Each structure stands twice: as structure tokens, then as C-alpha cells.
Amino acid sequence: LCSPFTYEALLDQTLRIKNGQIEVGAPEIPPPNPKNPKEKRLVPLNSNDPLYAEIRDMHMTKIGPYLQRKAAVIQEIYKEKE
């Protein structure tokens with residue numbers, strides 16, 4: 001029995017990575033065309049997305065706390081701007 005323990009492996013197991021991209025739609029993200037709610041969008045998985053580059057090989061148990069810290073930093077930036 002082999003289980004995915006990285007973010008990228010989990011994406012592959014649940015959404016099937018094909019040619020470096022995943023196809024997603026509702027409920028994961030809003031559809032590109034609101035008139036066609038079943039329409040899906042291709043999302044590239046590569047290092048052009050800085051957050052994905054940071055977490056793609058991260059163990060699943062470390063992603064939650066990591067993203068919480070990132071969210072706290074973003075909240076602080078917005079508070080400073082107010």
C-alpha cells in the first residue's frame with residue numbers, strides 16, 4: 001500500500017495531473033464562464049506559481065501550519081496598510 005504524502009502526490013491522486021496541469025471546476029474554483037457552471041479550467045502546475053513551488057514537495061502534515069503562517073503574514077500586511 002502506497003499513500004501520497006506530498007502536496008503534489010495528493011493532487012495527482014485526487015485530480016490526476018496530466019502534462020503538468022490539472023483540470024478543475026466547481027466546487028474547487030469558480031467556473032471560467034458563469035453561464036456554464038460545468039465548464040472546467042486547466043491549471044498549470046509549475047514553478048511559475050511561487051506558492052505551488054514552495055509547497056509541491058512538502059509533507060502533508062506541514063502544509064496546514066505553513067499556510068497558516070503565510071496567511072498571518074498577509075493579514076499583517078493588510079493591517080499595516082489601513
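Keep in mind the model is a prediction, meaning the values are calculated, not measured.
- Summarising the geometry, atom CG belonging to L10 is positioned 11.0 Å from atom NE2 belonging to H59; distances are rounded to the nearest 0.5 Å.
- Scanning for side-chain contact (heavy atoms from CB on, under 4.5 Å) contacts around A53 gives S47, with sequence neighbours left out.
- A distance of 12.5 Å separates CD of Q75 from CD of E80, quoted to the nearest 0.5 Å.
- Pairs of residues two or more places apart, or lying in two chains, that qualify as salt bridge (Lys or Arg N to Asp or Glu O under 4.0 Å) and include a residue from residues 6-16 are E8-R56.
- The same ILVMFWY cluster, assembled from side-chain heavy atoms under 4.5 Å apart, contains both M58 and M60.
- The line from NZ of K70 to CD1 of I74 is 7.0 Å long, rounded to the nearest 0.5 Å.
- For residues 9-48, no residue pair satisfies the ring-ring contact (aromatic ring centres under 6.0 Å, His included) rule, not counting sequence neighbours.
- Hydrophobic clustering (side-chain heavy atoms under 4.5 Å, transitive across Ile, Leu, Val, Met, Phe, Trp, Tyr) groups L51 together with I17.
- No more than 12 heavy atoms of other residues, nucleotides or ligands sit less than 6.0 Å from atom CG of N19.
- Taking CD1 of I22 as the start and NZ of K40 as the end, the distance is 10.5 Å to the nearest 0.5 Å.
- A pairwise comparison of heavy atoms in I55 and I63 identifies O-CD1, 4.2 Å as the closest pair.
- Here the CD-NZ distance, from E76 to K81, works out to 13.0 Å after rounding to the nearest 0.5 Å.
- Using a 4.5 Å heavy-atom cutoff, the side chains of I29 and R41 are in contact.
- No chain of hydrophobic side-chain contacts below 4.5 Å, direct or via other Ile, Leu, Val, Met, Phe, Trp or Tyr residues, connects L67 to V73.
- Of the inter-residue distances, the one linking L45 atom CG with L11 atom CG reads 6.0 Å to the nearest 0.5 angstrom.
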